[in-house]
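Heads up: the structure comes next, in structure tokens.
Throughout, residue positions are numbered sequentially from 1 according to the sequence presented. Every number for a ligand or one of its atoms is a count from 1 in the order of the listing.
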Amino acid sequence: MTQQISPAQESSVIDQAPKQLFIDGQWVAAESGRTLDVIDPSTGQVLCSVADAAEADGWKALRAAERAQADFAAMAPRERSNILMRAFELMHERRDDLALLMTLEMGKPLAEAYGEVTYAAEFFRHFAEEATRISGSYQVAPGGGQRFLIHKQPVGPSIFITPWNFPLAMGTRKLGPALAAGCTSVLKPAELTPLSMLALADILKEAGVPDGVVNIVITSESGQVMEPLIRSGIARKLSFTGSTGVGKKLLEQCSEHVMRTSMELGGNAALVVFDDADLDKAVEGALAAKMRNSGEACTAANRIFVQRGVADEFARRLAEKMAEYPMGRGVDDGVRVGPLISAGQRDKVQDLVEDAVSAGADVLLGGEPAAGEGFFYPPTVLTGIPEQARVRREEIFGPVAPVAAFDTEEEAIAAVNDTEYGLSNYVFTNDLNRAIRVSEALESGMVGINLGVVSNPAAPFGGVKESGLGREGGDVGIDEFLETKYIGIAL
Ligand code: NAD
């Protein structure tokens, strides 16, 4: 699965990748003819150019979604389910190309890209199964006489905006439930990683998604292109995955027509290791929570709190294991740490590390960006981090593990909750009572107990506080795309 990729395979997958906008079931150039470059973060070189939409292209996409809505909502749920299942199968059939394309544009190691293709496809299978289970209810009014008919209807045309860190899965997590519920959409992926979503559009077309039901718009002017569409009120739903700052702006735009929103925003996950935990499992869990996607994940463990008696030992073992992660181009065999997405992201990580070190933190591993081409930052472990260091509060988005010691359970809970974010947290302990007590006290939408990766298409994903609104996946994911209509009947 992950044997060495040749330069010829790289060029071939890039040459064959769709590079135009996908609007109303057709591949089209931007009206202006403008294009934007896609960069390989492992070399800093241009991979290819793709169409770069302006506002006029965005309108075409939204109008197409608006036109397609009524017929798509009327399509039999079984038919929508079959389309999703076919798309799931096609993603598996084309996983080699999808994974390679993703690694080239985003940088993650090929094995992780394969993992993401599987994870992303699973949202289609999961929601193919949900599509035929949308149900309402019929009830006698408590006072007798009337009857209540409760009916679920698709929300309507939706706008999706997704980030670069999981170029496929962040899209399928929205498209799966939207298609299952009968909603059409305009999806705008991050301009840094457009190729994966365009390749998916090809699959959706082949799977039988009718023209106009899914439209993909790539643009280097996200704000200018998306704001008028959001403010138009034509779309009835915005589902956004990205930073909290942009999410807040979009919420304000959505308020103009009181659009429904799902907001999957930033995270600042903590990982807590109690002294009764199995230390080997805790180190394995921390590696998964920290090193997946080279730390560029909203669920990445940014703050590692270890009970004092085992803190030094844990940090030493973690650093030893992280030192064994080979860094390099994601296409190279055996690589486990790819480049960060951009020079800016690498510099931001370095700033956070420098700030911590100048405040007095110790560097157990790494601590300096790699020289040479590409945007590489090596696995880094910091200890003894003072309270005021920015790394204790800000999302890192890199392979940097800050380890701090704590004494009591209460102290650990307070430290974990001392953030405006509330997406996920991780707890390692062998005491069941403590596991439940602490999980309930943590202010986050998700908690992993002795587990370093919580995401699962069949479980509800989402955050509290400034990490967002709503849930994706699980049995509730489809509700984000359904309106509940109450029909009162006089008897
Ligand atoms: P970002 O907010 O900069 O960009 C996300 C998307 O929004 C991109 O498509 C971007 O082009 C678009 N965008 C940016 N400004 C916009 C504007 N003014 N109007 C409309 N669209 C705009 O975030 P990013 O750097 O791409 O991704 C990293 C962030 O995403 C992190 O904060 C991470 O925690 C978060 N994230 C959250 C989840 C989750 O499920 N909670 C998952 C992955 C990433």
Side-chain angles (χ1 to χ4, degrees), residues 36 38 41 52-53 55 58 105-106 108 116 119-120 123 159-174 186-194 196-197 216-231 235 238-254 261-269 292-302 340-342 344-346 348-349 394-398 419-424 444-446 453-457 459-474 477 480:
L36 63 85
V38 183
D52 184 5
E55 191 185 326
E105 69 172 348
M106 190 273 164
K108 69 179 71 187
E116 183 177 338
Y119 173 59
F123 285 102
I159 293 177
F160 302 149
I161 301 177
T162 56
W164 47 264
N165 59 347
F166 292 97
L168 264 185
M170 297 302 96
T172 59
R173 201 158 77 174
K174 301 183 191 306
V186 175
L187 188 151
K188 193 210 77 64
E191 59 275 30
L192 295 171
T193 57
S196 298
M197 201 42 63
I216 311 284
V217 171
I218 314 296
T219 177
S220 58
E221 299 175 336
S222 299
Q224 291 98 306
V225 173
M226 300 313 286
E227 181 168 354
L229 306 189
I230 295 168
R231 287 195 187 275
L238 174 76
S239 180
F240 171 71
T241 301
S243 59
T244 297
V246 173
K248 286 180 182 178
K249 267 195 217 168
L250 297 176
L251 276 171
E252 185 271 318
Q253 295 170 18
C254 288
T261 57
S262 298
M263 292 279 153
E264 296 290 345
L265 308 178
N268 199 5
R292 176 165 170 256
N293 229 29
S294 301
E296 292 178 311
C298 50
T299 50
N302 276 332
L340 298 182
I341 189 66
S342 62
Q345 185 59 32
R346 179 200 53 202
K348 190 194 139 204
V349 171
E394 294 181 27
E395 235 185 332
I396 303 173
F397 254 54
T419 167
E420 69 272 27
Y421 294 109
L423 189 60
S424 56
S444 57
M446 301 175 285
V453 176
V454 285
S455 317
N456 190 307
F461 186 103
V464 301
K465 294 159 81 175
E466 295 193 20
S467 286
L469 299 168
R471 294 292 180 271
E472 293 188 319
E480 303 274 321

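Residue contact check for ligand 1: Gly463 places no non-hydrogen atom closer than 4.0 Å to it.
Relative to the ring axis of Phe461, Arg173 places its NZ or CZ within 45° and under 6.0 Å from the centre.
Protein heavy atom nearest atom 34 (O) of ligand 1, with residue, atom name and distance: Glu395 OE2, 2.4 Å. The protein atom (non-hydrogen) at minimum distance from atom 3 (O) of ligand 1 is Ser243 OG, 3.9 Å. For atom 13 (N) of ligand 1, the closest non-hydrogen atom of the protein is Ser222 CB, 3.8 Å.
Each of the following atoms of ligand 1 lies closer than 4.0 Å to a heavy atom of Phe397: 28 (C), 31 (C), 33 (C), 34 (O). Short contacts between ligand 1 and Trp164, defined as distances under 4.0 Å to a heavy atom of the residue, involve ligand atoms 24 (P), 25 (O), 26 (O), 27 (O). For ligand 1, the atoms closer than 4.0 angstrom to any heavy atom of Thr162 are 6 (C), 8 (C), 9 (O). Atoms of ligand 1 found under 4.0 Å from any heavy atom of Gly266, numbered from 1 in the order shown, are 32 (O), 34 (O). Atom numbering of ligand 1 starts at 1 in the shown order; those under 4.0 Å from a heavy atom of Pro189 are 9 (O). Here is the list of ligand 1 atoms found below 4.0 Å of a heavy atom in Asn165: 43 (C), 44 (C). Listed by number with element, the atoms of ligand 1 under 4.0 Å from a non-hydrogen atom of Pro163 are 26 (O), 27 (O), 43 (C), 44 (C). Close approach of ligand 1 to Ile161 (heavy-atom distance below 4.0 Å) involves ligand atoms 6 (C), 7 (O), 9 (O), 12 (C), 20 (C), 21 (N).
Contacts of Arg173 with ligand 1, taken as heavy-atom pairs under 4.0 Å, involve the side chain alone. At a heavy-atom distance under 4.0 Å, no atom of Phe166 approaches ligand 1. Using a 4.0 Å cut-off between heavy atoms, Met170 contacts ligand 1 through its side chain alone, with no backbone atom that close.
Here atom 37 (C) of ligand 1 lies nearest to Leu265 when heavy atoms of Leu423, Leu265, Val246 are compared. Evaluated by nearest non-hydrogen atom to atom 42 (C) of ligand 1, the leading choice among Gly242, Ser455, Cys298, Gly223 is Cys298.
Between Glu252 and Arg231 a salt bridge is recorded (basic side-chain N to carboxylate O distance below 4.0 Å). With salt bridges taken as basic N to acidic carboxylate O contacts below 4.0 Å, one links Glu472 and Lys174.
For the pair Ile159/Ile230, a side-chain contact is recorded, criterion being any heavy-atom separation below 4.5 Å from C-beta on. Proximity of Leu238 to Met263: side-chain heavy atoms (C-beta onward) are separated by under 4.5 Å at one or more points. Looking at heavy atoms from C-beta onward, Leu265 lies in side-chain contact with Phe240 at the 4.5 angstrom threshold.
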Inset, instruction - Carefully, step by step, assess Tyr119 and Ser455 under the rule side-chain contact (heavy atoms from CB on, under 4.5 Å). - result: CA-CA 9 Å; Tyr119 173 59; Ser455 317; 3.4 Å; yes

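For the residue pair Ser196/Glu105, the side-chain donor-acceptor check at 3.5 Å is satisfied.
For atom 24 (P) of ligand 1, the protein comes within 4.0 Å by at least one heavy atom.
The minimum heavy-atom distance linking Val349 with Phe397 is given by the pair CG2-O, 3.8 Å.
Leu36 CG to Ser220 OG: the interatomic distance, rounded to the nearest 0.5 Å, is 5.5 Å.
Glu420 places no side-chain N or O within donor-acceptor distance of the main-chain N or O of Lys465, the cut-off being under 3.5 Å.
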